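Since the structure comes first, as structure tokens, the remarks are kept for the end.
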2 protein chains.
Amino acid sequence: MLQVCQTGRMATRTSRTQRRAEALSRERIIDAAVELLDSAGDGGLTFRALTERLATGPGAIYWHVANKGELLEAATDGVITAALAAKPAEPADSPQDQIRAIALGLFDAIDRHPWLAPQLATQFSRKPWGPVTPRIFESIGRKVRELGVPKENWFTATSGLVHYILGAAGQNAANAASVRRLRTEAERAEFVDAVSKAWEELDPEEYPFTRAVADQAREHDDREQFLAGIDLVLAGITAVQLR
Amino acid sequence: MLQVCQTGRMATRTSRTQRRAEALSRERIIDAAVELLDSAGDGGLTFRALTERLATGPGAIYWHVANKGELLEAATDGVITAALAAKPAEPADSPQDQIRAIALGLFDAIDRHPWLAPQLATQFSRKPWGPVTPRIFESIGRKVRELGVPKENWFTATSGLVHYILGAAGQNAANAASVRRLRTEAERAEFVDAVSKAWEELDPEEYPFTRAVADQAREHDDREQFLAGIDLVLAGITAVQLR
DNA sequence: ACCTGAACACCGTTCAAGT
DNA sequence: ACCTGAACACCGTTCAAGT
């Protein structure tokens with residue numbers, strides 16, 4: 001904690017006046033916010049921590065950014081935009097494969113930035129007119145159109161995919177990130193078992209299904225499982241189309 | 001704001017000592033928390049507001065509840081449990097219809113308590129070993145089993161449904177709740193158009209698909225659209241099964 | 001135009017003290 | 001065992017003042 005703050009301060013302090021005249025900008029602030037969120041988690045983004053890292057006062061930040069909500073929004077938007085801009089594997093791929101590629105890109109982004117999961121949920125439900133929702137919707141929707149889905153099903157098919165992707169990526173990736181953070185092999189194995197163990201210890205009368213499925217939850221590979229879900233929704237889109 | 005606090009205080013103040021000796025309990029605290037969240041939104045749950053409404057000090061609350069996180073968890077769990085306990089329409093219904101009924105129950109719960117949406121996302125991604133995740137998973141999973149899905153697909157099928165339900169319900173219901181809160185017919189119509197209008201005003205070069213779909217987003221009925229998505233995932237489950 | 005930093009109102013949580 | 005309420009550390013935000 002202390003270490004992080006000190007390094008940040010030293011890194012931006014080398015020469016005082018000159019470097020700062022051009023240093024502080026909306027972009028620099030957003031970058032620092034993302035770094036803070038990545039290293040210290042959801043509660044790590046603080047105006048105190050931000051001012052320390054950028055070697056300014058809160059007033060300076062408020063000159064470039066309206067408030068904390070806008071900052072969080074901009075951080076989310078930046079990371080998602082970068083994730084969506086990553087090149088698709090092959091332009092000649094089938095639309096299905098391109099959808100899988102976009103989905104995996106979002107999966108990995110949430111994996112690297114676990115704070116994205118609740119943030120995306122908030123923005124999707126509270127601010128669908130913000131920049132993030134249309135960006136994701138558009139990139140998936142284009143591929144849905146290429147799939148040959150009839151126009152009246154575009155909206156349903158696209159939001160089905162988007163909801164699944166964000167929901168599943170959020171759940172799986174946050175788990176994976178927690179696992180990765182653990183040091184020893186033993187710690188890691190312990191955590192991987194934790195969820196399915198907790199599920200196996202549920203009341204057999206109340207939770208027969210969840211218990212029966214607990215071993216599947218343990219053995220599955222996160223990415224593989226995620227893609228299986230994508231294929232499920234894709235199959236549904238095709239099936240509904242044929243009716 | 002002032003109004004809310006004062007009413008709350010007066011309501012719990014009628015007779016002072018006697019009523020309180022048995023009044024304060026974990027359950028009463030959780031109920032008060034839900035009321036606060038419902039009436040004042042996500043930021044409305046405060047230990048200050050809670051103490052005022054319950055006519056106690058913060059220490060008394062901390063005797064029954066570990067911290068704010070636990071309180072939020074308990075509030076979420078209570079509301080979700082109630083939503084899942086609602087009777088299914090007809091026991092003779094097909095598994096598909098029963099899944100639709102459960103899904104609509106969750107949809108309506110999120111509709112009545114919009115703060116559930118980000119809260120569920122957080123609990124699904126951060127605390128899948130908590131009580132809420134297995135509860136939802138179990139009730140959907142049982143019906144998936146009744147659908148005749150082979151065991152190796154149980155996990156994929158169930159999490160596909162659950163992710164879609166929570167994602168779509170969160171988005172649609174929060175919007176609907178905002179709409180309902182508006183007073184005049186004009187205000188309401190304005191809000192309903194707001195999202196699709198914002199989407200129609202997007203850059204035609206960057207957002208051709210989203211723009212093309214904006215009118216569908218405006219005209220759709222929320223519940224109908226939600227059920228169409230459920231059917232999409234159900235169709236996928238059936239289709240994958242047949243392969 | 002851009003930045004400083006003290007100050008404000010408010011938050012979750014603790015804890016010695018009471019009953 | 002259960003409750004009180006003052007106190008603590010910390011938060012987002014403002015604003016008069018500087019350059």
Side-chain angles (χ1 to χ4, degrees), chain A residues 1-2 4-5 8-9 12-13 15-30 32-33 36-37 40-76 115 119 122 126, chain B residues 1-2 4-6 8-9 12-13 15-30 32-33 36-37 40-76 115 118-119 122 126:
Chain A
M1 201 58 162
L2 256 178
V4 170
C5 296
R9 175 175 253 170
T12 44
R13 266 274 175 95
S15 88
R16 232 168 295 163
T17 33
Q18 210 176 9
R19 173 166 291 187
R20 266 267 249 20
E22 51 172 359
L24 203 60
S25 67
R26 195 182 148 87
E27 208 198 2
R28 268 188 63 81
I29 293 171
I30 293 169
L36 236 29
L37 287 163
D42 236 330
L45 180 56
T46 293
F47 275 84
R48 305 289 201 265
L50 214 47
T51 55
E52 209 161 341
R53 198 181 190 93
L54 294 169
T56 33
I61 295 174
Y62 276 93
W63 178 261
H64 296 278
V65 157
N67 51 41
K68 193 181 178 179
E70 194 193 289
L71 185 53
L72 231 23
E73 235 178 89
T76 303
W115 50 270
Q119 196 55 39
T122 304
R126 300 271 213 268
Chain B
M1 201 60 162
L2 256 179
V4 170
C5 295
Q6 282 176 351
R9 174 176 256 170
T12 43
R13 264 277 174 95
S15 88
R16 231 170 294 162
T17 34
Q18 208 175 10
R19 174 167 290 187
R20 268 268 248 19
E22 52 173 356
L24 203 62
S25 67
R26 194 182 148 88
E27 208 197 4
R28 269 188 64 80
I29 294 171
I30 293 169
L36 237 29
L37 286 163
D42 237 331
L45 180 56
T46 292
F47 274 83
R48 305 289 202 265
L50 214 47
T51 56
E52 209 160 341
R53 198 180 190 92
L54 295 169
T56 32
I61 294 173
Y62 276 94
W63 178 260
H64 296 277
V65 158
N67 51 43
K68 194 180 179 178
E70 194 194 288
L71 184 54
L72 230 24
E73 235 177 89
T76 304
W115 49 272
Q119 196 56 38
T122 305
R126 301 270 214 269

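Just so you know, these numbers use all the heavy atoms, side chains as well, and skip hydrogens, waters and symmetry mates. In the text below, chain A, chain B and the rest are named by the order of the sequence lines, each starting its count at 1. The shown structure was predicted, so the numbers you read here are calculated from the model rather than taken from an experiment.
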message: Which residues pass the salt bridge (Lys or Arg N to Asp or Glu O under 4.0 Å) test with Glu27(A), not counting sequence neighbours?
response: none

- line: For DNA chain D, the expected dot-bracket line (Watson-Crick or G-U under 3.5 Å, [ ] crossing, | inter-strand) is ||.|||||...|||||.||

message: Need one value for Leu45(A): base, sugar-phosphate or nothing, where a base atom within 4.0 Å counts as base even if backbone is also close, heavy atoms only.
response: sugar-phosphate

- request: Please state how far atom CG in Leu72(B) lies from atom P in dG12(C), giving the value in whole angstrom units.
  value: 10 Å

query: Taking CD from Glu70(A) and P from dG12(D), how many angstroms apart are they, rounded to a whole number?
result: 15 Å

Salt bridge (Lys or Arg N to Asp or Glu O under 4.0 Å) partners for Arg26(B), two or more places apart: Glu70(B)

field: Set of side chain to side chain contact (heavy atoms under 4.5 Å, CB included) partners for Leu72(B), sequence neighbours left out
entry: Leu37(B), Leu45(B), Gln119(B)

task: Report yes or no: does Thr46(B) contribute a side-chain atom to a donor-acceptor pair with the main-chain N or O of Ala49(B) at less than 3.5 Å?
output: no

field: Between dA7(C) (P) and Arg48(A) (CZ): distance, integer Å
entry: 13 Å

- request: To the nearest 0.5 angstrom, please state how far the CD1 atom of Ile30(A) sits from the CG atom of Leu71(A).
  value: 6.5 Å

- prompt: Is any side-chain heavy atom of Arg48(B) closer than 4.5 Å to a side-chain heavy atom of Pro58(B)?
  reply: no

For Ala32(A) against Arg53(A), the heavy-atom pair lying closest together: CB-CD, 4.1 Å

query: What is the distance from CG of Leu50(B) to C1' of dC3(D), rounded to the nearest Å?
result: 15 Å

statement: Here the residues of residues 59-68 of chain B within 4.0 Å heavy-atom distance, strictly under, of DNA chain C are Gly59(B), Tyr62(B), Asn67(B), Lys68(B)

- request: Starting from P on dG5(D), measure out to CD on Glu52(B) and report it in whole angstrom.
  value: 13 Å

message: How many whole angstroms separate atom CZ of Arg28(B) from atom P of dC2(D)?
response: 16 Å

query: Which one, dT13(D), dT13(C), dC3(D), comes nearest to the side chain of Phe47(A)?
result: dT13(D)

query: Nearest to the side chain of Thr56(A) - dG12(D), dC3(D), dC3(C)?
result: dC3(C)

Candidate nucleotides dG12(C), dA6(D), dT13(D), ranked by approach to the side chain of Pro58(A) - the nearest: dT13(D)

- prompt: Would you say Trp115(B) and Thr76(B) make side-chain contact, with heavy atoms under 4.5 Å?
  reply: yes

- request: May I have all residue pairs that pass salt bridge (charged side-chain N to carboxylate O under 4.0 Å, His left out) and include part of residues 58-69 of chain B, sequence neighbours excluded?
  value: none

